[in-house]
Amino acid sequence: DGGITQSPKYLFRKEGQNVTLSCEQNLNHDAMYWYRQDPGQGLRLIYYSQIVNDFQKGDIAEGYSVSREKKESFPLTVTSAQKNPTAFYLCASSVGTQRYEQYFGPGTRLTVT
Amino acid sequence: KNQVEQSPQSLIILEGKNCTLQCNYTVSPFSNLRWYKQDTGRGPVSLTIMTFSENTKSNGRYTATLDADTKQSSLHITASQLSDSASYICVVSGGSSNTGKLIFGQGTTLQVKP
């Protein structure tokens, strides 16, 4: 898991509620990423940030929002607009662009009922 | 379309045996190819990363090969252990984006039985 922490490990929410997942890294990496993992599918990129105060949409950004106010932190908010939010969420970081090695956090399993 | 296909989808082997996992990709242009190991409920951990010029790379009992001409990679596990039970994910960096966008395979689930 390197120097990336995600909290909480498990999260339960009622439908219609927004929820924020935490991701912190102490690797001094410039770039951070959020992925979603569903059974039988490859990881899908939600959002990424290559520098503080800047972030870009990934392949499945709808219903999600992020912020990057500090280099160490990249929280992900799952909004009520996300149609199917129950999934395993992974945060990662790298020294630069996606060409570089990415280090993953331990993940947060979100269940929305 | 940029894709990464892994086979088999799942595999069961006996402890001590060897196995080989396959990865075919259609990503172009190509930057690098990575293999990750993901234990159930955990984040992926990097095993190897190979660029165009590298055709083999080892990490302990794990050996990855890359044939950039045929766009194929394999991950060979020698003398398997129970702790090798995990999902193995092939990831290719490349595509038209200059950021080296990652394209993930769906993974191969390996179960090592005693």
Side-chain angles (χ1 to χ4, degrees), chain A residues 1-11 21 23-25 27 30-51 54-60 87-111, chain B residues 1-10 21 23-54 57 59 64 86-109:
Chain A
D1 298 340
I4 301 179
T5 58
Q6 291 184 243
S7 60
K9 178 73 172 172
Y10 299 96
L11 192 53
L21 282 59
C23 177
E24 305 276 333
Q25 55 99 359
L27 301 170
D30 285 320
M32 296 187 74
Y33 312 83
W34 274 106
Y35 293 94
R36 171 182 172 137
Q37 188 174 35
D38 294 285
Q41 295 191 40
L43 272 68
R44 291 183 289 169
L45 182 64
I46 304 172
Y47 267 100
Y48 66 99
S49 167
Q50 293 185 204
I51 198 166
D54 185 54
F55 48 82
Q56 307 293 329
K57 291 182 179 181
D59 299 318
I60 56 165
F88 189 52
Y89 290 88
L90 287 159
C91 178
S93 71
S94 65
V95 296
T97 68
Q98 294 180 64
R99 294 182 190 280
Y100 294 90
E101 183 71 66
Q102 288 191 13
Y103 297 86
F104 286 85
T108 291
R109 184 165 299 279
L110 172 65
T111 302
Chain B
K1 183 179 177 183
N2 290 319
Q3 283 187 314
V4 175
E5 298 285 341
Q6 292 186 244
S7 62
Q9 188 173 1
S10 62
L21 313 181
C23 174
N24 296 337
Y25 62 93
T26 57
V27 180
S28 181
F30 172 89
S31 179
N32 58 63
L33 184 145
R34 314 156 190 204
W35 283 95
Y36 283 91
K37 177 187 179 187
Q38 184 178 22
D39 292 319
T40 301
R42 306 290 300 274
V45 174
S46 178
L47 294 175
T48 64
I49 179 169
M50 291 185 291
T51 60
F52 183 88
S53 59
E54 297 173 295
K57 202 161 205 179
N59 178 357
S87 179
Y88 292 85
I89 304 172
C90 176
V91 187
V92 178
S93 172
S96 57
S97 167
N98 61 6
T99 62
K101 179 178 179 176
L102 298 187
I103 297 95
F104 289 81
Q106 78 276 28
T108 292
T109 301

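Only this structure's heavy atoms are used, side chains among them; waters, hydrogens and symmetry mates stay out. Each chain gets a letter, A, B and so on, in the order the sequences are listed, and its residues count up from 1. All of these numbers come straight from a predicted model, not from anything done at the bench.
- With sequence neighbours left out, B:Glu54 forms a salt bridge (Lys or Arg N to Asp or Glu O under 4.0 Å) with B:Lys57.
- The distance from the CG atom of B:Leu102 to the OH atom of A:Tyr100 is 13.0 Å, given to the nearest 0.5 Å.
- Most heavy-atom pairs under 4.5 Å with chain B, from the set A:Glu101, A:Arg109, A:Gln6: that is A:Glu101.
- Counting heavy-atom pairs closer than 4.5 Å to chain B, the top residue among A:Gln102, A:Lys9, A:Arg44 is A:Gln102.
- At a 4.5 Å heavy-atom cutoff, the contact between A:Leu43 and chain B is made by backbone and side-chain atoms alike.
- Shortest non-hydrogen contact noted between B:Gly43 and A:Leu90 is CA-CD2, 3.6 Å.
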Query - Criterion side-chain contact (heavy atoms from CB on, under 4.5 Å) on A:Asp59 and B:Lys101, from CA distance to verdict - result: CA-CA 11 Å; A:Asp59 299 318; B:Lys101 179 178 179 176; 2.7 Å; yes
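- With a 4.5 angstrom heavy-atom cutoff, B:Gln6 does not touch chain A via any of its atoms.
- Listed by sequence position, A:Tyr35, A:Gln37, A:Gly40, A:Gln41 are the residues of residues 31-41 of chain A in contact with chain B, using a 4.5 angstrom heavy-atom cutoff.
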